[in-house]
Amino acid sequence: MKALYHLLVCFGLLTGLTTCKDRDNDSDSAEPLAVIETAIPNGLIPGSALTLKGRNFLTVTSVKLANTTIPASDFIRTAPDELSFKVPMGTTAGKICVVNQNGQGEWKDMALITSGVLTADNVGVNVGSLVQGYYSDACSPQWFMYCLNGSCLIYRRHTRTVPVGAPAGATCEKYYSVEQISGSSYEVYPNEKVTLKFELKKNSQEYTGMVIMVMNGTTFLGNMVKKASGGSIIGYSVADGQTLKLCNPYPNPPSGFYGQPAQLCAEFKPCTNCQ
């Protein structure tokens, strides 16, 4: 009889209920709605990254902004209750909310960041070549440089041509790798201080401007700054929001210089005033 009574209750025939819970467990085991607790940075920078932290993010299906929706396939997952993504260009100031399998969470007020180190006005997009100079050895590999607290960070790219007289089929070394992150391709440049990952535009060798930086095990997400604003790279730690800035010493090395980047650092001291 108890089983029959329970069955009738489940169909709403005795009490008018339209849902059924286990008779021995009155709690709802489904994950509740997602709640945004922290945004890094605390505002929207169209073209750059935004990290959200909160509760009940495990089954998040999308993030809604004022005039667009970011699907889960575009998230960069750094922790179970943490996700990052690039804010689309054209995003307007407004609200943001997270949608999980149980529905849409509450809206959080957000605004465009118009002051600070990285803003909606100086973020760089559609970036061309990273090359700043060439080594003066047989393979003439390309290189580029950034400065961190006055010290030179040198990144090798790849070779332009195979040396004359090299054996048939010979190739020169490539100094970067390509990594797939959230459906996008990133060129990865290792360095003992800061490893850089530049997002590539789809079906192109140009860059979107978005950069992932890894220093001492901490991940920073950010963007390249427009060359008119200095051409630096600025990112925010997904752990605590701290800012990391890599300064671009010049748009190009001194005219006619094709030596070793270390020689450039020693002779011209490009990072002395690049903070």
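These values consider heavy atoms only, across backbone and side chains, with no hydrogens, waters or symmetry-generated copies. Start at 1 with the first residue, then count along the sequence.
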Discussion item. Grouping I, L, V, M, F, W and Y whenever their side-chain heavy atoms are under 4.5 Å apart, do Val211 and Leu221 come out in a common cluster?
Written reply: no
Practice prompt. List the atom of Lys86, the atom of Gly47, and the distance in Å for their closest heavy-atom pair.
Written response: CD-O, 3.4 Å
Practice prompt. Quick one: sort the Phe144 and Tyr189 rings into parallel, tilted or perpendicular, breaks at 30° and 60°.
Written response: perpendicular
Worksheet item: What pair of heavy atoms forms the shortest contact from Pro270 to Met145, and how long is it?
Response: CG-SD, 3.9 Å
Worksheet item: Roughly how far, to the nearest 0.5 Å, is CG of Leu83 from CZ of Phe57?
Response: 5.5 Å
Worksheet entry | Side chains of Asn191 and Leu196 in contact at under 4.5 Å (non-hydrogen atoms) | no
Practice prompt. Compare all side-chain heavy atoms of Thr69 with those of Val63 and state whether any distance is below 4.5 angstrom.
Written response: no
Worksheet, complete the sentence: CZ (Phe85) and CG (Leu65) are apart, to the nearest 0.5 Å, by 5.5 Å
Worksheet item: Is there a side-chain contact between Trp107 and Lys64, using heavy atoms and a 4.5 Å cut-off?
Response: yes
Worksheet entry | Worked check of side chain to side chain contact (heavy atoms under 4.5 Å, CB included) between Leu50 and Ile40 | CA-CA 6 Å; Leu50 179 70; Ile40 302 173; over 6 Å; no
Discussion item. Do Ile96 and Val98 land in one hydrophobic cluster if side-chain heavy atoms of ILVMFWY residues count as linked below 4.5 Å?
Written reply: yes
Worksheet item: Linking I/L/V/M/F/W/Y whenever their side-chain heavy atoms sit closer than 4.5 Å, directly or via other members, would Leu112 and Tyr236 fall into one cluster?
Response: no
Item to complete: Decide, based on the SG atoms alone, whether Cys152 and Cys147 are under 2.5 Å apart.
Response: no
Worksheet item: What heavy-atom pair brings Pro88 and Thr68 nearest, and what distance separates the two atoms?
Response: CG-CG2, 3.9 Å
Worksheet item: Any side-chain heavy atom of Glu199 sitting closer than 4.5 Å to one from Ile212?
Response: no
Worksheet item: With sequence neighbours left out, what residues match Lys193 under side-chain hydrogen bond (donor to acceptor under 3.5 Å, both in side chains)?
Response: Ser151
Item to complete: Decide if atom CG of Asn67 counts as having more than 12 heavy atoms of other residues, nucleotides or ligands within a radius under 6.0 Å.
Response: yes
Fill in: Note, Val125 side chain near Met89 side chain (heavy atom, < 4.5 Å)
yes
Worksheet entry | Pairwise distance CG(Leu200) to OG1(Thr208) - rounded to 0.5 angstrom | 8.0 Å
Item to complete: Applying side chain to side chain contact (heavy atoms under 4.5 Å, CB included), run through Met213 and Ile233 and close with a yes or a no.
Response: CA-CA 9 Å; Met213 299 181 278; Ile233 301 176; 3.6 Å; yes
List, one per line, each side-chain donor-acceptor pair under 3.5 Å for residues 237-244, sequence neighbours excluded.
residue	atom	partner	partner atom	Å
Ser237	OG	Ala239	N	3.0
Ser237	OG	Asp240	N	3.3
Ser237	OG	Asp240	OD1	3.2
Asp240	OD1	Gln242	N	3.1

Discussion item. So Gln142 and Arg156, do their side chains get closer than 4.5 Å, heavy atoms only?
Written reply: no
Worksheet item: Ignoring hydrogens and geometry, is there a side-chain-to-backbone donor-acceptor pair from Asp74 to Pro71 under 3.5 Å?
Response: no
Worksheet item: Hey, does the side chain of Asn122 reach the backbone of Ser229 with a donor-acceptor pair shorter than 3.5 angstrom?
Response: no
Item to complete: Any chance you could lay out the side chain to side chain contact (heavy atoms under 4.5 Å, CB included) test for Val194 and Leu246, step after step, and finish with the verdict?
Response: CA-CA 9 Å; Val194 183; Leu246 300 187; 4.2 Å; yes
Item to complete: Look at the side-chain heavy atoms of Ile, Leu, Val, Met, Phe, Trp and Tyr, link any pair under 4.5 Å apart, and say whether Val60 and Val35 land in one connected group.
Response: no
Worksheet item: Between Leu118 and Ser48, what is the shortest heavy-atom contact and its length?
Response: CD2-OG, 3.4 Å
Fill in: Minimum heavy-atom distance Asn100-Ala34, with the two atoms named
ND2-N, 3.4 Å
Worksheet item: Between Lys201 (side chain) and Gly209 (backbone), is there a donor-acceptor pair under 3.5 Å?
Response: no
Worksheet item: If you measure from OG on Ser129 to OH on Tyr207, what distance do you get to the nearest 0.5 Å?
Response: 6.5 Å
Item to complete: Decide yes or no for Tyr186 and Met210: does some side-chain heavy atom of the first lie under 4.5 Å from some side-chain heavy atom of the second?
Response: yes
Worksheet item: Ser84 and Thr51: which non-hydrogen atoms are nearest, and at how many Å?
Response: OG-OG1, 2.7 Å
Practice prompt. Could you point out which residue of Lys108, Arg55, Lys53 forms a salt bridge (charged side-chain N to carboxylate O under 4.0 Å, His left out) with Glu37?
Written response: Arg55
Practice prompt. Please indicate whether Glu106 has more than 12 foreign heavy atoms, meaning atoms of other residues, nucleotides or ligands, lying under 6.0 Å from its CD.
Written response: no
Discussion item. Please tell me whether Ile45 and Ile234 are part of a single hydrophobic cluster in this structure, the criterion being side-chain heavy atoms less than 4.5 Å apart.
Written reply: yes
Worksheet item: Can Arg157 and Trp143 be said to form a side chain to side chain contact (heavy atoms under 4.5 Å, CB included), step by step?
Response: CA-CA 5 Å; Arg157 181 167 164 71; Trp143 58 268; over 6 Å; no
Discussion item. Would you compute the distance between atom CD1 of Ile113 and atom CG of Asp121 and round it to the nearest 0.5 angstrom?
Written reply: 11.5 Å
Discussion item. I need the Thr91 OG1 to Met110 CE distance, nearest 0.5 Å.
Written reply: 10.5 Å
Worksheet item: Less than 4.0 Å between a side-chain N and a carboxylate O, is that true for Glu179 and Lys197?
Response: yes
Practice prompt. Return the set of residues passing side-chain hydrogen bond (donor to acceptor under 3.5 Å, both in side chains) with Gln180 (not counting sequence neighbours), or none when no residue passes.
Written response: Ser185
Discussion item. Side chains of Phe75 and Ile70, heavy atoms from C-beta outward: is any pair under 4.5 Å?
Written reply: yes
